[in-house]
Colleague: 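Got a structure for you, written out below as structure tokens; questions coming shortly.
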Amino acid sequence: MEQEHLGEQLLLRRQKLKELRAQGVEPYGLKYPVSHSAREVKEGFAILEGKTVRLAGRMLTRRGHGKACFANIQDGSGQVQIYIRLDNVGDEQYALFQNLDIGDIIGCGGAVFKTRTGEITVNVETFTLLSKALRPLPEKWHGLKDVETRYRRRYADLLANPEVRRVFILRSKIIQAMREFLTGKDFLEVETPVMHTVTGGATARPFVTYHNALDLDLYLRIATELHLKRLVVGGLERVFELGRIFRNEGISTSHNPEFTSVEIYQANADYEDMMELMEKMVLAIAQQVLGSNQVIYQERELDFSLPWPRKKLIDLVNEITGIDFREISGDVEARKIATSRGLEPGKGSTWGEILFRFFEEYCEDKLWGPVFVQDYPVDVSPLARRCDEDAAFTYRFECFMAGKEIANAFTELTDPLDQRERFQQQVQKRAGGDEEAHMMDEDFLNALEYGMPPTGGLGIGIDRLVMILTGSTSIRDVILFPTMRPKELDQELNLSKDDIK
RNA sequence: GGGCCAUUAGCUCAGCUGGCAGAGCACCUGACUUUUAAUCAGGGUGUCCCAGGUUCGAAUCCUGGAUGGCUCACCA
């Protein structure tokens, strides 16, 4: 019997629902003519005292006293107490109220007053059931703790845990502040395709999908870079795109298969301009959203005050590992050094790749930041312009906070011939089995051949930035519905017709 | 993918060396007209994640599996 899967409480609530309908009470009403939010009632008490207000929300607690009853109602703005008494509403309504369950959504109206313990309260004269809750709410004191349930049923998480709500409100404000900052500097927000015929702009494995009418494999984008640069070629000199990126890779506390990035391109700029843009933007966001230049992350302070330190990658590796790559010449010697440090370099590993590897292995997690690490080897930067002073390096930087890479940026490579060569190297790697290497993008090269102005580009991982600014240690805590393996439990939530009867 | 850990009532959690499945909140019955984690009296509502095995007897021990968390690998 399907009904056996429902606990006693779930059955009882279904029973109550049936009884309400039998009494002519509709348990799923239409909108209630709300006059004030819970917060407005509390903040406006001086003016509202004695006046009638109407509010709607979910009943979270109830304290019955026989012929009178207190309850707390929560709406989007917060909670407020209501008070209902038999001699105000009559037998029938009072019985109806007592039959409500915690979790039910009601609308109610009455005069605002203060109880003798000083709590601002609405003295209910009328109320309506707006939505009957068939499931009990998570526990009022401890909230919903089970991490798996929190991610799978974010609605219950949001209902029960105010701090979760706070994080997602902050996330929205951070993105809004970023958008305002950029549009305020004449950047144009654009939308480029999510489905690509050729992937590029990052080293990552893509998701593949299929279009029936075109009989075509399509890739979900792994970056927005190559399309945005096409737009710069087209004369849109300042563009940005905030949007979802998909990478078919592992899941961890800092990786979700779909995540949000912002990429920003500015003609007639270089990577130093991008550093300035980044530090100013993040500082502005912190000030606007947190009201502070600092944030405490993992019990340690991160200070966004300007300017942020800048370090050359090669110097950083020297500082931390004691190995000066300037004194290592050639791939063979580099591989020897790597082997001696237990890094097991691949057969064809180059000097630049190994330098980068040393950085990743020994330096990244020590960068508390915020800090800009600049001038990456050309071998690992196929879309960045070479440095004039040394063609083995590029004008590229990454920004680190709390040991995590938050942003990646460069003076863009605008030379179509150099770009073609770099693609060709990537294609070779791909042929050698590297599924993350770039594909040849002829149309992008075609665009570059029309001539692209000197351009600075910057990409920021929004989720990670939000983690830092909200003090979250897992990316799942800043993504409303993180990717989860489906569970048969989902079927448990699908009630058969038998249950509803 | 590897390692470690977790999974018991709607929720938060106990449950020892194997011996009748427990508490708080929620829920049900009753009392109570200014309480606020309301209070008081009574009631346990369960596929102990799943499947095997050991045993007279398994929530507990063993094997396999599922899901999740952390971590390593990979990445951003």
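Naming: A, B, ... by sequence-line order, numbering from 1 per chain. Quantities reported herein were computed from a predicted structural model and do not represent experimental measurements.
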Colleague: Given U12(B), C70(B), C74(B), which nucleotide is nearest the side-chain atoms of E436(A)?
Modeller: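 Among the listed nucleotides, the one closest to the side chain of E436(A) is C74(B).
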Colleague: Using 30° and 60° as the class boundaries, would you call the ring planes of F70(A) and H65(A) parallel, tilted or perpendicular?
Modeller: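 Rings of F70(A) and H65(A): perpendicular, as their planes differ by over 60°.
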Colleague: For the ring pair (Phe, Tyr, Trp, His ring centres under 6.0 Å) test, which of W368(A), F400(A), F372(A) pairs with W308(A)?
Modeller: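 Testing each of W368(A), F400(A), F372(A) against W308(A), the sole residue satisfying ring pair (Phe, Tyr, Trp, His ring centres under 6.0 Å) is F372(A).
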Colleague: Between A76(B), U71(B), U33(B), which nucleotide gets closest to the side-chain atoms of T253(A)?
Modeller: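 Of the candidates, U71(B) comes closest.
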Colleague: Classify the nucleic acid contact of F259(A) as base, sugar-phosphate or nothing, counting any heavy atom under 4.0 Å across all strands shown.
Modeller: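 F259(A): base contact, heavy atoms under 4.0 Å.
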Colleague: Decide whether D75(A) and S37(A) meet the rule of one side-chain donor and one side-chain acceptor closer than 3.5 Å.
Modeller: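 S37(A) and D75(A) do not have a side-chain donor-acceptor pair below 3.5 Å.
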Colleague: Taking atom P of C32(B) as reference, at what distance in whole Å does atom NE2 of H65(A) sit?
Modeller: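 Rounding to the nearest Å, NE2 of H65(A) and P of C32(B) are 13 Å apart.
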Colleague: If you take atom types as modelled and just measure distance, does the side chain of D87(A) reach the base of U33(B) with a donor-acceptor pair under 3.5 Å?
Modeller: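 Under the 3.5 Å cut-off, the side chain and the base do form a donor-acceptor pair.
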Colleague: Do R396(A) and N408(A) have side-chain N/O donor and acceptor atoms under 3.5 Å apart?
Modeller: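 Result is yes, a qualifying pair exists.
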Colleague: Looking at A66(B), which nucleotide sits across from it as a Watson-Crick or G-U wobble partner, both distances under 3.5 angstrom, or is there none?
Modeller: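 The answer is U7(B), by the H-bond criterion.
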Colleague: If you measure from the P atom in U47(B) to the same atom in A59(B), how many Å do you get, rounded?
Modeller: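 Here U47(B) and A59(B) have their P atoms 14 Å from each other.
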Colleague: Between U60(B) and A73(B), how far apart are the P atoms? Round to whole Å, please.
Modeller: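 So the two P atoms sit 35 Å from each other.
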Colleague: Between R63(A) and N72(A), do the side chains contain a donor N or O and an acceptor N or O under 3.5 Å apart?
Modeller: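 A pair is found: one side chain offers a donor N or O, the other an acceptor, under 3.5 Å apart.
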Colleague: Expressed as a whole number of Å, how far does the P atom of A6(B) sit from that of C25(B)?
Modeller: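 Going atom to atom, P in each nucleotide, I get 28 Å.
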Colleague: Nearest heavy atom decides the nucleotide; on that basis, is E360(A) or S474(A) closer to the 5' end of RNA chain B?
Modeller: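 It is S474(A), whose closest nucleotide lies nearer the 5' terminus.
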Colleague: Check the distance between U7(B)'s C1' and R150(A)'s CZ and give it to me in whole angstrom.
Modeller: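 R150(A) atom CZ is separated from U7(B) atom C1' by 17 Å.
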Colleague: Return the pairing partner of U33(B) with a 3.5 Å limit on both distances, Watson-Crick or G-U wobble; otherwise return none.
Modeller: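 Paired with no nucleotide.
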Colleague: What is the separation between atom CD1 on I222(A) and atom P on C74(B), rounded to the nearest whole Å?
Modeller: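 Taking atom P of C74(B) as the reference, CD1 of I222(A) is at 19 Å.
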Colleague: Would you please confirm or rule out a distance under 4.0 Å between OP1 or OP2 of G68(B) and any side-chain N or O of R152(A)?
Modeller: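 Affirmative; the distance criterion is met.
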Colleague: In whole Å, what is the span from the CD atom of E249(A) to the P atom of A76(B)?
Modeller: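 To the nearest whole Å, that distance equals 7 Å.
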Colleague: Taking only the side-chain nitrogens and oxygens of T203(A), find out if one of them lies under 4.0 Å from OP1 or OP2 of A76(B).
Modeller: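 Yes, within the criterion.
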Colleague: Return the nucleotide paired to A73(B): Watson-Crick means purine N1 to pyrimidine N3 with N6-O4 or O6-N4, wobble means G-U with N1-O2 and O6-N3, both under 3.5 Å.
Modeller: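 For A73(B), the partner nucleotide comes out as none, under the 3.5 Å rule.
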Colleague: Provide the closest heavy-atom pair for T199(A) versus M439(A) in the form atom of the first, atom of the second, distance.
Modeller: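 Result for this residue pair: OG1-CE, 3.4 Å.
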Colleague: Using the P atoms only, state how far A51(B) lies from A41(B), rounded to an integer number of Å.
Modeller: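 Per the computed distance, 41 Å lies between those P atoms.
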Colleague: Determine all donor-acceptor pairs shorter than 3.5 Å in which one atom belongs to a side chain in residues 107-116 of chain A; sequence neighbours excluded.
Modeller:
residue: T115(A); atom: OG1; partner: T117(A); partner atom: N; Å: 3.4
residue: T115(A); atom: OG1; partner: T117(A); partner atom: OG1; Å: 3.0
residue: T115(A); atom: OG1; partner: G118(A); partner atom: N; Å: 3.4
residue: T115(A); atom: OG1; partner: E119(A); partner atom: N; Å: 3.1

Colleague: Which class fits the ring pair W351(A) and F393(A): parallel under 30°, tilted 30 to 60°, perpendicular over 60°?
Modeller: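 The rings of W351(A) and F393(A) stand perpendicular, inter-plane angle above 60°.
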Colleague: Reckon E119(A) touches a base, only the sugar-phosphate, or nothing at all at heavy-atom distances under 4.0 Å?
Modeller: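 It contacts base atoms.
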Colleague: Side-chain donor or acceptor of R116(A) under 3.5 Å from a matching atom on the base of U34(B)?
Modeller: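 Between U34(B) and R116(A), which were checked side chain against base, a qualifying N/O pair under 3.5 Å is absent.
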Colleague: Nearest whole angstrom, please: distance from the C1' of A6(B) to the CG of D146(A).
Modeller: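 Those two atoms, CG and C1', are 10 Å apart.
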Colleague: Assign G64(A) to base, sugar-phosphate, or nothing according to its heavy-atom contacts below 4.0 angstrom with the strands shown.
Modeller: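 If one applies the 4.0 Å heavy-atom cut-off, G64(A) turns out to touch a base.
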Colleague: Below the 4.0 Å mark, does G68(B) have OP1 or OP2 next to a side-chain nitrogen or oxygen of R485(A)?
Modeller: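 Yes, such a contact exists.
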Colleague: Check the distance between G69(B)'s P and I475(A)'s CD1 and give it to me in whole angstrom.
Modeller: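 One finds 13 Å between P of G69(B) and CD1 of I475(A), rounded.
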Colleague: Between C72(B) and C13(B), how many Å separate the two C1' atoms, rounded to a whole number?
Modeller: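 That atom pair is separated by 31 Å.
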Colleague: Are side-chain N/O atoms of Y94(A) and E92(A) paired as donor and acceptor at under 3.5 Å?
Modeller: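 On atom types as modelled, these side chains do not qualify, holding no pair under 3.5 Å.
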Colleague: So what does N256(A) hit on the nucleic acid, given a heavy-atom distance under 4.0 Å: a base, only sugar-phosphate, or nothing?
Modeller: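 The answer is base, as N256(A) lies within the cut-off (heavy atoms under 4.0 Å) of a base atom.
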Colleague: Under a 3.5 Å cut-off for both contacts, is G22(B) paired Watson-Crick or G-U wobble with anything, and if yes, with which nucleotide?
Modeller: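 Pair assignment: G22(B) / C13(B).
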Colleague: With the sugar-phosphate defined as primed atoms, P, OP1 and OP2, and the base as all remaining atoms, what B/S/- string results for nucleotides 20-30 of chain B, 5' to 3', for protein heavy atoms under 4.0 Å?
Modeller: ----BBBSS--
Colleague: Could you tell me if Q419(A) and R385(A) have a donor-acceptor pair between their side chains, going purely by distance under 3.5 Å?
Modeller: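 Result is no, nothing qualifies.
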Colleague: Within the pair R63(A) and U39(B), is there a side-chain N or O less than 4.0 Å away from OP1 or OP2?
Modeller: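 No, outside the criterion.
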Colleague: Between S252(A) and C74(B), is there a side-chain N or O to OP1/OP2 distance below 4.0 Å?
Modeller: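 So the side chain of S252(A) is outside the cut-off, no N or O lying under 4.0 Å from OP1 or OP2 of C74(B).
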Colleague: If the test is salt bridge (charged side-chain N to carboxylate O under 4.0 Å, His left out), which one of R14(A), K16(A), R135(A) qualifies with D101(A)?
Modeller: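 So, applying the salt bridge (charged side-chain N to carboxylate O under 4.0 Å, His left out) to D101(A) and each of R14(A), K16(A), R135(A), only K16(A) qualifies.
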Colleague: Whole angstroms only, please: what is the CG-P distance between L60(A) and C11(B)?
Modeller: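 Interatomic distance, CG of L60(A) to P of C11(B): 17 Å.
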Colleague: Reckon R247(A) touches a base, only the sugar-phosphate, or nothing at all at heavy-atom distances under 4.0 Å?
Modeller: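 Touches a base.
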Colleague: When rounded to the nearest Å, what value does the distance between C1' atoms of G65(B) and A26(B) take?
Modeller: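 Pairwise C1' distance, G65(B) against A26(B), rounds to 34 Å.
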Colleague: Could you work out the separation of U45(B) and G22(B) based on their C1' atoms and round it to a whole Å?
Modeller: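 Taking atom C1' in both U45(B) and G22(B), they lie 13 Å apart.
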Colleague: Contact class for S261(A) (heavy atom, under 4.0 Å): base, sugar-phosphate, or nothing?
Modeller: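 No contact at all - S261(A) keeps every heavy atom at 4.0 Å or more from the nucleic acid.
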Colleague: Return the 5'-most residue of the pair V147(A), A204(A) with respect to RNA chain B, ranking by each residue's nearest nucleotide.
Modeller: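 Result: V147(A).
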Colleague: What's the gap between A9(B) and C74(B) when it is taken at their C1' atoms, as a whole Å value?
Modeller: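 Roughly 41 Å separates the two C1' atoms.
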Colleague: Please give the nucleotide sitting opposite C27(B) as a Watson-Crick or G-U wobble pair, both distances under 3.5 Å, or none.
Modeller: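 G43(B) is the nucleotide pairing with C27(B).
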Colleague: Between atom NZ in K145(A) and atom P in A6(B), what is the gap in whole Å?
Modeller: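 Nearest whole value for this atom pair: 18 Å.
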